[in-house]
*Asks:* 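Below you will find the structure I want to go over with you.
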Amino acid sequence: LHEIVRRRKKNLGFSGHSTTHDFQILAAGGVIDRCDIAYVVGLEMRGLSPNGRRLMESGQVRTAEWSNAGLAWRYKAAAMGVPFLPVRTMLGSDTMRYSSAQLIECPFTGATLLAVPALYPDVAIIHVHQCDLYGNAQIDGISIVDQDLARAARRVIVTTERLVSSEQIRSQPGRTSIPFWLVDAVCLTPFGSYPGEMPYEYTSDERHFGEWLEAEKDPETFERFLDRYIYGVKSFEEYLELIGGWARLAELQQQEPLKRSL
Amino acid sequence: LHEIVRRRKKNLGFSGHSTTHDFQILAAGGVIDRCDIAYVVGLEMRGLSPNGRRLMESGQVRTAEWSNAGLAWRYKAAAMGVPFLPVRTMLGSDTMRYSSAQLIECPFTGATLLAVPALYPDVAIIHVHQCDLYGNAQIDGISIVDQDLARAARRVIVTTERLVSSEQIRSQPGRTSIPFWLVDAVCLTPFGSYPGEMPYEYTSDERHFGEWLEAEKDPETFERFLDRYIYGVKSFEEYLELIGGWARLAELQQQEPLKRSL
Amino acid sequence: MAASGASYTLQELMICAAAHLLEDNKTAVIGTGPPLAAAMLAQKTHAPNLIIFFEAGSMAPILEKLPISVAGSHTQTRAILHSGMLEIMETSQRGLVDYTFLGGAQIDPYGNLNSTLIGSDYARPAVRLPGSGGANDFASLCWRTVVIIAHDRRKFVPQVDFITSPGYLDGPGARETAGLPRGTGPYKVISTLAVMGFDEHTCRMRVECLHPGVTREQVTANTGFELPFAGDLQETPMPTATELELLRREVDPLGRIIGKP
Amino acid sequence: MAASGASYTLQELMICAAAHLLEDNKTAVIGTGPPLAAAMLAQKTHAPNLIIFFEAGSMAPILEKLPISVAGSHTQTRAILHSGMLEIMETSQRGLVDYTFLGGAQIDPYGNLNSTLIGSDYARPAVRLPGSGGANDFASLCWRTVVIIAHDRRKFVPQVDFITSPGYLDGPGARETAGLPRGTGPYKVISTLAVMGFDEHTCRMRVECLHPGVTREQVTANTGFELPFAGDLQETPMPTATELELLRREVDPLGRIIGKP
């Protein structure tokens, strides 16, 4: 994502759930001009993103509203190979009115249902625990919407904490979430979820999240912050060096509460 | 299932995929009078069930046609909590005409789709590798439709190869398919999949399948066969003794091709 | 924010009031913050078998530390099932989730919630807020929605600027007409002044309990619409010593929600 | 069942003909029996990267022994992914499955297949057959359906008693009108006498290859409808020594499909 901002791409579409930090990064670069959103400028207990809010309040980004489930079911429709799914959420609300969903009637019960249209992202970038060279990927812990997203997207890029052999994948086929025939590229990206957490691997860096939110409060400070952490570095590895390098990352590994017993 | 036949229950409904041996057993007892079916009187390379055919050709069983996917998506609709799902199968065929599915138009694309109604079985009996006393169940290998079935059914009975502690379940939450809040009863039933196979545990007993098919050819022979294996025994364990007891079962364990590396 | 002289804070009072609503052997979808503290407290007191689901996919974990993100590892410790967001949403849609907690920037007399924007022009809002997230889904699909919210006239408004999450919409029968599952809807509102319920005939909010030391006039003055008081108006129970002890020592020892002692 | 003096059987010829149709790096949903032998043979010859899916949920296994059930452990050895039936069906519905093989009791000139019943009364059929199983789904959703079937007048009929699985229904455009995915449909029919394809304009079956030693007259006499011959009628290639060796020694050493030597 940092590389996308460094290249100063413009006019990308964006759809996401509570992928708020992703939105923070992309919004920072002014990359986005339209999005399907469910929950974007909030970071739960960490607070709201001031820059993300400024962007949306300015009218520079065209948005459509969705609930988390509405958006997830849109990916699922695409993953199932059907043009829509009937659901019982969003009904009666303005969230529905400002979405592109349609009311339909159930042909069996006559009930009013909401039809949410399949959403096929052009590119999905999914970070996993391990995959092989062909892209057969295994995720530990909760998967949120990654499985459906991989099946819905036209192109899939898998970034992975580590590479393993195909034989290791084939020895535990029950753990595979994304098979190679869905994957277009594989990137070995240790700590790729940083500053977020990766269950069973490392916890999130709340100190760094705090710096982002603090810096965003003032546009000029934020400009200097971006220069330092994004435009000023050549790679994700250099960024990781800046935030404290292996010493800091080792701390985050030790603080991770989920222990592996798989 | 044998116990259901022993109690000579009548007029049950039945829905199933390639659960052919289940149908063979229930049909043998004259238990069923209506079913939603996709593939029932065939045993793949093992041949067709003569008794099942006689029953259906006599008109004693009312049937509705479904494809395997059509039926599986009906469970999935129920599992998702919606009254139907739109699908692209069965269209244009007599399989569709003799089902209860309905044609609908996609509100976004205008495409013709088939709406398959949610199916909520009264009772689902699901055999698993391991579960705890509360019914938290883990299945290894492919799951066919078990996850959706457990979520679709009004009552769920889990039969299990072995009981494990809740802590063992909680140490590998990624392997759990059926959580306890869906389960009404747990039965410890080692070799419960016999004469079928249980991946990672034991292979199928092709010799015994052969005897069933052979016996079914003639109604009188079949009557004696049922007396011996079903009405004549008090329990599933006694049945297992009759087919060769632990010696035979140990053979089937050794012949199982999937080795555990989980 | 300490309540009238007693040894508890308003935040603690509200968390305890929320915990009391949760029954044993029921299911609840819980977000981070005070609702989670309430659910953890309920598990440690009267509802040891309360089943907690987190929106991102963790089901029935045994929580060792207060999670700060609904997808974080702390929500996943010793869970029964690690699944994904749609397993939670479909469990809700099947009618298996009893309780959910929501917040918002605005609430109206029918319990409709706004967490999307302040202003009248959708394209250029005065203030942009996070949007629905899972709030609309749980307000739509769970049996009982509990709202936790600060009590003032900017928040308690006659009509919300945007219905992010449905309450009773415009009155009796409106949810069913819209297609929402029959029997679901707002259950209680826990504010900084009182606990409100909803009249079963009119579907409008009414005060059921005043927090200790709060007057009817204070509530009326801080509400932007007509808010009646129940015939048998009660006082919100004060937290017990046991509850406070559990909350401070076990649930939130770092004071991330209830504040530092 | 041995073909004219040569050292291969008709079953082996048909399996090899089926194997030739499968291209490398494509995907195929395969049932048990001859189609599986064909797919395994293709993997050992020209299509090492053919991806095999089994209907019950095993994806891309490395097959060590010939499976006899689509759900059996032998389909699951060293798989990439153990999933369920709907993962296979939805992969097909998304358009990711290139090939499927089907059989049936009856086939008509448009490639419609019957595996449900023989007779005219649905409630009291003369013969009840298994029904669709996954056949309708794969015939509906996969790009290329290959049918393997014995060639006689009871099976090659002008109209099937029951359309279990859709071919081109009643002609050009009918699949699309019915709502089936554009571009899918019957691809080849491999019978005991010949290999048939479908005319791209009329969607009707026509003979493309005669098996070695088979005459046009034999085909016509054993077909219950008018079956034209392609302008460039070919002879089905005989199995090579390598193919026979692989088939007999590695694919089916127990002779479960090709019979004992």
Side-chain angles (χ1 to χ4, degrees), chain A residues 69-70 72-74 76-89 91 99-120 129 138-143 146-148 167-177 199-200 258-262, chain B residues 69-70 72-74 76-89 91 99-120 129 138-143 146-148 167-177 199-200 258-262:
Chain A
W73 277 315
R74 294 188 62 192
K76 185 167 181 165
M80 289 174 66
V82 289
F84 79 93
L85 278 178
V87 305
R88 305 181 74 186
T89 189
L91 292 158
S99 75
S100 59
Q102 298 265 2
L103 290 172
I104 56 169
E105 193 184 292
C106 173
F108 302 101
T109 64
T112 301
L113 296 164
L114 192 69
V116 297
L119 179 59
Y120 305 87
H129 291 76
Q138 300 183 327
I139 299 173
D140 301 328
I142 60 167
S143 59
D146 291 344
Q147 297 200 24
D148 288 326
E167 271 315 306
Q168 191 172 333
I169 299 287
R170 288 183 183 276
S171 73
Q172 304 195 332
R175 280 175 70 188
T176 308
S177 326
Y200 294 99
L258 287 175
K259 305 300 173 217
R260 197 168 291 277
S261 68
L262 297 172
Chain B
W73 276 316
R74 293 188 63 192
K76 184 166 182 166
M80 289 174 67
V82 288
F84 79 94
L85 278 178
V87 305
R88 305 181 75 186
T89 189
L91 292 159
S99 75
S100 59
Q102 298 266 2
L103 289 172
I104 58 169
E105 194 183 291
C106 173
F108 302 101
T109 64
T112 301
L113 296 164
L114 192 70
V116 298
L119 179 59
Y120 305 87
H129 291 77
Q138 300 184 327
I139 299 173
D140 302 328
I142 60 166
S143 59
D146 291 343
Q147 298 201 25
D148 288 326
E167 271 314 305
Q168 192 173 333
I169 299 286
R170 287 183 184 275
S171 73
Q172 303 196 331
R175 280 174 70 186
T176 308
S177 325
Y200 294 100
L258 285 175
K259 305 300 172 216
R260 198 168 291 275
S261 69
L262 296 171

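Convention: sequence-line order gives letters A, B, ...; per-chain numbering from 1.
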*Asks:* Go through the atoms of Leu113(A) and report whether side chain, backbone, both or neither lie under 4.5 Å from a heavy atom of chain B.
*Replies:*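 For Leu113(A), the side chain is the part near chain B, not the backbone.
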*Asks:* Against chain A, label Ala111(B) side chain, backbone, both or neither, depending on which of its atoms sit under 4.5 Å from a heavy atom there.
*Replies:*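 Neither part.
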*Asks:* So which atom in Phe108(B) and which in Pro117(A) form the shortest heavy-atom distance, rounded to 0.1 Å?
*Replies:*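 That would be CZ-CD, 3.5 Å.
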*Asks:* Checking Ser143(B) now: which residues fulfil side-chain contact (heavy atoms from CB on, under 4.5 Å) with it, not counting sequence neighbours?
*Replies:*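 Ser143(B) satisfies side-chain contact (heavy atoms from CB on, under 4.5 Å) with Gln147(B) only.
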*Asks:* Enumerate donor-acceptor pairs with a distance under 3.5 Å from any side-chain N or O in residues 78-86 of chain B to protein atoms, sequence neighbours excluded.
*Replies:*
none

